[in-house]
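Counting starts at 1 for both ligands and their atoms, following the listed order. Everything numeric here is computed off the predicted structure, so don't read it as measured data.
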Amino acid sequence: MRTADVIVIGTGGAGMTAAYVAAKNGASVIAIDKMSYTGGNTLAAGSSMNASDPARQGQLTMEASEMSVIKNMLALEPRCELMAQWQADVRKDIEAYEANGDHYLYDSPALHALQTYVEGDYVGNPELIDLYAKSAPDAVTFLENLGTIWNHVYAGMGATWRRTHDVEQNLGPAGRCVRLSAAEGV
Ligand SMILES: Cc1cc2nc3c(=O)[nH]c(=O)nc-3n(C[C@H](O)[C@H](O)[C@H](O)COP(=O)(O)OP(=O)(O)OC[C@H]3O[C@@H](n4cnc5c(N)ncnc54)[C@H](O)[C@@H]3O)c2cc1C
């Protein structure tokens, strides 16, 4: 019988990340998948990844139409407490942005969460969306530290804000970039 400190069920991006972090911290790891191959949907993914990223977005100029998108978001009636909090956070930032006469492309986890919730027709779980938007910048850095090269930030397919990180590597189906990066240390 094989034993390990950590058993990870599922070898997509989430499972491989968990396996990698556990192994990196000295645990022995067994990763299991129900399929005959590893990678899950992550393997098929385009690899573009949405995250607010002040360093990269700060190099871009915000269009008037983008400011209108923010103002429209702020004018909406909040549907839950977290939405009200996201709006309050963005409002405070935008007031400072305008007072400073800034022109860079504004973004924040609060705006990312707000857009995800509103443009998902309010059906998403606000707590999970909040966690997702707050964690996304760290995920970008995490993958970068594993060797992922982010090309540029743009509004990717289906995205309504220029926070999509495009991967430079060409390793076949693009999801493999993330999968192979994550697998390196396991
Ligand atoms: C065609 C396509 C393109 C996409 N493009 C993008 C993109 O560009 N950007 C983006 O952010 N997202 C994209 N996505 C979404 C993204 O791929 C998923 O959100 C992400 O891969 C989910 O990762 P995960 O680890 O949670 O799940 P998965 O990658 O699906 O991994 C789950 C794994 O668990 C295994 N599993 C499930 N149940 C069991 C069980 N009972 N026992 C053992 N193993 C089990 C599965 O076989 C699978 O390997 C795309 C998705 C698809 C399908």
Under a 4.0 angstrom heavy-atom cut-off, which atoms of ligand 1 come close to [X]?
X: Met35; answer: 47 (O)
X: Ala14; answer: 25 (O), 26 (O)
X: Gly13; answer: 25 (O), 29 (O)
X: Gly39; answer: 29 (O)
X: Gly10; answer: 33 (C), 34 (O), 35 (C), 44 (N)

What is the closest protein heavy atom to [atom], and at what distance does it sit?
atom: atom 2 (C) of ligand 1; answer: Ala44 O, 3.8 Å
atom: atom 3 (C) of ligand 1; answer: Ala45 CA, 3.4 Å
atom: atom 9 (N) of ligand 1; answer: Ser48 O, 2.6 Å
atom: atom 5 (N) of ligand 1; answer: Gly46 N, 3.0 Å
atom: atom 28 (P) of ligand 1; answer: Asn41 N, 3.5 Å
atom: atom 27 (O) of ligand 1; answer: Thr42 OG1, 4.4 Å
atom: atom 44 (N) of ligand 1; answer: Lys34 N, 3.0 Å
atom: atom 32 (C) of ligand 1; answer: Gly12 N, 4.2 Å

Return yes if some donor-acceptor pair links the side-chain N/O of [X] with the main-chain N/O of [Y] below 3.5 Å, else return no.
X: Tyr97; Y: Tyr104; value: yes
X: Asp33; Y: Met35; value: yes
X: Trp161; Y: Asp107; value: no
X: Asp130; Y: Pro126; value: no

Test item: protein heavy atom less than 4.0 Å from [atom]:
atom: atom 52 (C) of ligand 1; answer: no
atom: atom 41 (N) of ligand 1; answer: no
atom: atom 35 (C) of ligand 1; answer: yes
atom: atom 48 (C) of ligand 1; answer: yes
atom: atom 11 (O) of ligand 1; answer: yes

What heavy-atom pair brings Leu43 and Thr38 nearest, and what distance separates the two atoms?
CD2-O, 3.8 Å
If you compare all heavy atoms of Ser28 against all heavy atoms of Ala4, which two are closest, and at what distance to 0.1 Å?
OG-CA, 3.4 Å
Any Gly156 heavy atom less than 4.0 Å from ligand 1
no
Could you state the interatomic distance from [atom1] ([X]) to [atom2] ([Y]), rounded to the nearest 0.5 Å?
X: Ile70; Y: Ile94; atom1: CD1; atom2: CD1; result: 4.0 Å
X: Glu63; Y: Arg162; atom1: CD; atom2: CZ; result: 5.5 Å
X: Leu60; Y: His152; atom1: CG; atom2: NE2; result: 10.0 Å

Non-hydrogen side-chain atoms of Arg2 and Ile30 separated by less than 4.5 Å
yes
If you measure from the Lys or Arg side-chain nitrogens to the Asp or Glu carboxylate oxygens, is any gap between Glu98 and Arg91 under 4.0 Å?
no
Ring centers of Tyr132, Tyr117 separated by less than 6.0 Å
no
Gly40 N/O under 3.5 Å from ligand 1 N/O:
yes
Purely on distance, is any nitrogen or oxygen of Gly15 under 3.5 Å from one on ligand 1?
no
Do the numbers put Arg79 on top of the ring of Tyr122, so that NZ or CZ is under 6.0 Å from the six-membered ring centre and no more than 45° off the axis?
yes
Between the candidates Thr164, Asn50, Asp33, which shows the shortest non-hydrogen contact distance to atom 46 (C) of ligand 1?
Asp33
